[in-house]
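Residue numbers start from 1 in every chain, and the chains themselves are labelled A, B, ... in the order their sequence lines are given, proteins ahead of strands.
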Amino acid sequence: MRVGHHLRRRARAAAAAAGSGAVGVAASRPGSAAAGAGVVGLAVLGQGHSSDAGGARCAGESRSRTWAFPACSGRGRRCGGGRSVRSCGDTGAVAGRRPYRRERGRRPRRAARRGARRGRHRATEEPRARRLRHQRRPPAGQARRPAAPRGRRGARRGAAGARGHRARVDVAGPGFLNITLAKGVLGTIAVQAVTAGAAYGRTDALAGQKLNLEFVSANPTGPVHIGGTRWAAVGDALGRLLEASGASVTREYYFNDAGAQIDRFALSLMAAAHGRPVPEDGYAGDYIVDIAEQVVAAEPGLLERDEAEQQERFRVRGVDLMFAEIKRTLADFGVVFDVYFSERTLHETGALDKAIARLRANGHVYEADGAVWLRTTDFGDDKDRPLIKSDGAPTYFAADCAYYLDKRDRGFDKVVIMLGADHAGYVGRYKALAAAVGDDPEATLEILLGQLVNLVRDGEPVRMSKRAGTVVLLEDLVEAVGADAARYALARASVDQQIDLDLDLWSRQTNDNPVFYVQYAHARISSLLRNAADLGLVLGEAADVDVAALEHQRESDLLRALGEFPRVLTAAAELRAPHRVARYLEELAGTYHRFYDSCRVLPRGDEEVTPLTTARLWLCAATATVLRNGLDVLGVTAPERM
RNA sequence: GCGCUCGUAGCUCAGCGGAUAGAGCACCGGACUUCUAAUCCGACGGUCGCAGGUUCGAAUCCUGCCGGGCGCGCCA
């Protein structure tokens, strides 16, 4: 199955659908005559020339809306066939306003080669685009990207806000418009950000959604290792992100405190307490000895009781101690869950039996070879899965069924589970079980698969084995690089990407970590604002700020970057991609540093305080606000001094 | 073998079918009597794994191949 992939695609499609009909505002290609005033790039996808705002539909396609495109006959293009809704999206209104005509011209070399190979194809590049080559110093990344999709409401707001503020509209290349904003319009962003404070960037894009977000869920048989740490960092950030977009989120940690693994854990503790060697398939490591000692200390005389009784006590106390340790290290990492859900309770409350009964009532259960099976193959799974083994014991999967039902019964619209790639095999059966209880898995269950973390030390991969005790733990990583750097490092990469974490590099040379770059920007602003306060300079009332004074190119760049923040958050939330926030912050920090480099804020010597001074103070305060809010989403601190 | 997944600069990684594919690090050359130089500016660096296909347009979507990772139990 290609579920993980499919899910991401759905998320993108959803984001695109939400943005349909919207006019995305991208950052800019600075126009030559536009110094000071904001230039905002608008994408006009395709060479559409639709005559009304909705645009014509692509023939043979029911879901896509928008732009008309002569060549789009519905053959071949598959617009909206489920995959490329986005490809048809976004631009109706603009296309209607300003049709673009393709021109002949030069095309990029590589594309030219490709075109030549295919024996067709001509020009795409427009003269103007070439002229701009030397004028343009984009604030990295964002600048070239046209049109992040926006919600309908956002689009209307944007359109209304822009009315009367446009100074000029230019065709800026194949499918792009540059809209030059009237002086001062961008400057209001600074005021908005400062005024909104911690709320700046928050939206109601996901309002009304009640989500259950499960991550980490490491069994309490050992400390959280590096793999779980990645999900702790990413999952917690995702939770904050979803909340910032208006969703109601419950962070949940499911732990297995029943079954064979826990038995092995208890037996390992016992062995350690008695000074016996670790049993076959048992757990080793110093923590086992530590916990065993604590259990014995808490229960004098335990070692003299009978074996079964001992094992039970070691299990109960061992799990408690181990789990307390897990919670503590996670808390030190800044990750706290709303619910810690015990698998054992599912057995004890009869939830498990009820779940099986329900699956049976739905007609998906059968018995074979003395075991009870769920016919998950009816719903696309590779093979049927056992619920109760032939020895009468329920499987882990049976508990999964009960747990899923429990979440749904608690009123969650959507059950989101983050899993490592090593658990990718669960996706099929999980989807199937949701279908078997009568849900639409595409709507109620979202499984986010993430690639694993590789550790490198001395240029050699560090192999991990929990039982052999050669594990790199959450706390090891935090000790080596600090919680901020650890969280940031893990959260700044896409979960689709296997990442190599070089322990030498991260521990030795922490300057390499981009988190310092971002944090430094915040510290720098904090320092500047402290100096301003020393000079008796205050921001004052929003109404008194002359935002039109901000007309330097670097100021415009910074304002535009600040204005993108709310969209960055909603897009990242919808795509389940917290790393986008980190990347945005890096760009924002860079934009600020460049502003700082060329725009003096505070008066020196006996210089006078001007409206520009105040306006720049607001701009700095706004940047600090956004850096803080963004870092907060990632669970990273925004230091005032470094 | 089957399934999933990834492959972008020397390294670590961004890149939501759209403009000339970016950042940090590394390396080279510049900028501090001035708000934190943990900064800024410049230079260098790319067959976006390979080959087809779809499209006006592909790093992005599809197919095949190559390479890495993970998974294929009445384990958890």
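Side-chain atoms of Asp369(A) do not come within 3.5 Å of backbone N or O of Ala371(A) as any donor-acceptor pair.
Whole-Å rounding puts the Leu387(A) CG to rG73(B) P distance at 17 Å. In this entry the distance linking CD1 of Ile388(A) with C1' of rC74(B) reads 11 Å, nearest Å. One atom, CG of Asp597(A), and another, C1' of rG30(B), lie 13 Å apart when rounded to the nearest Å. Distance CZ (Arg604(A)) to P (rC32(B)): 14 Å, rounded to an integer number of Å. Following rounding to the nearest Å, Leu569(A) (CG) and rC16(B) (C1') show an atom-to-atom distance of 15 Å. When the P atom of rC70(B) is taken as reference, atom CD of Gln497(A) falls 15 Å away, rounded to whole Å.
If you check rU36(B), rC75(B), rC40(B) against the side chain of Asn531(A), the one that comes closest is rU36(B). With rC4(B), rC74(B), rC35(B) as the candidates, the nucleotide lying closest to the side chain of Leu602(A) is rC35(B). The side chain of Arg594(A) lies closest to rC41(B), out of rC41(B), rC16(B), rU5(B). The side chain of Gln498(A) lies closest to rG68(B) when the candidates are rG68(B), rC35(B), rC16(B). When the nucleotides rU39(B), rC74(B), rC70(B) are ranked by their closest atom to the side chain of Arg524(A), rU39(B) comes out on top.
As rounded to the nearest Å, rG42(B) and rG24(B) have P atoms that lie 11 Å from one another. Comparing the same atom, P, in rG73(B) and in rA14(B) gives a spacing of 32 Å after rounding to whole Å. Going from the P atom of rG7(B) to that of rC11(B) covers 15 Å, rounded to whole Å. For the P atoms, the distance from rU20(B) to rC35(B) is 41 Å, rounded to whole Å. Nucleotides rC27(B) and rG15(B), compared at atom P, are 27 Å apart to the nearest Å. Comparing the same atom, C1', in rG45(B) and in rU8(B) gives a spacing of 13 Å after rounding to whole Å. Nucleotides rU63(B) and rC72(B) place their P atoms 25 Å apart, quoted to the nearest Å. rG69(B) sits 32 Å from rA21(B) when the P atoms are compared, rounded to a whole Å.
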Applying side chain to side chain donor-acceptor pair (under 3.5 Å), run through Asn256(A) and Gln261(A) and close with a yes or a no.
-> CA-CA 8 Å; Asn256(A) 173 270; Gln261(A) 295 283 23; over 6 Å; no

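For the atom pair CG of Leu539(A) and CG of Leu529(A), the computed distance is 7.0 Å after rounding to the nearest 0.5 Å. Here CZ of Arg264(A) is found 9.5 Å from CG of Leu267(A). Values are rounded to the nearest 0.5 Å.
Taking 4.0 angstrom as the limit, His579(A) places a side-chain polar atom (N or O) nearer than this to OP1 or OP2 of rG15(B). OP1 or OP2 of rG3(B) has not a single side-chain nitrogen or oxygen of Lys383(A) nearer than 4.0 Å. For the OP1/OP2 pair of rC40(B) and a distance below 4.0 Å, the side-chain nitrogens and oxygens of Tyr517(A) include at least one atom meeting the criterion.
Nucleotide rG71(B): paired with rC2(B) (Watson-Crick or G-U wobble, both distances less than 3.5 Å).
Within 4.0 Å (heavy atoms only), Ser494(A) reaches sugar-phosphate atoms of the nucleic acid but no base atom. Nucleic acid contact class of Arg641(A) (heavy atoms, under 4.0 Å, all strands): base. At a threshold of 4.0 angstrom between heavy atoms, the contacts of Ala493(A) are confined to the sugar-phosphate backbone, with no base atom among them. Using a 4.0 Å heavy-atom distance criterion, Glu343(A) is classed as making no nucleic acid contact. Using a 4.0 Å heavy-atom criterion, one finds that Asp369(A) contacts the bases of the nucleic acid, with or without backbone contacts as well. Backbone-only engagement by Ala258(A) is indicated by non-hydrogen atom pairs under 4.0 Å involving sugar-phosphate atoms exclusively.
Checking Ser342(A) against Asp257(A) by side-chain atom types alone, a donor-acceptor pair falls below 3.5 Å.
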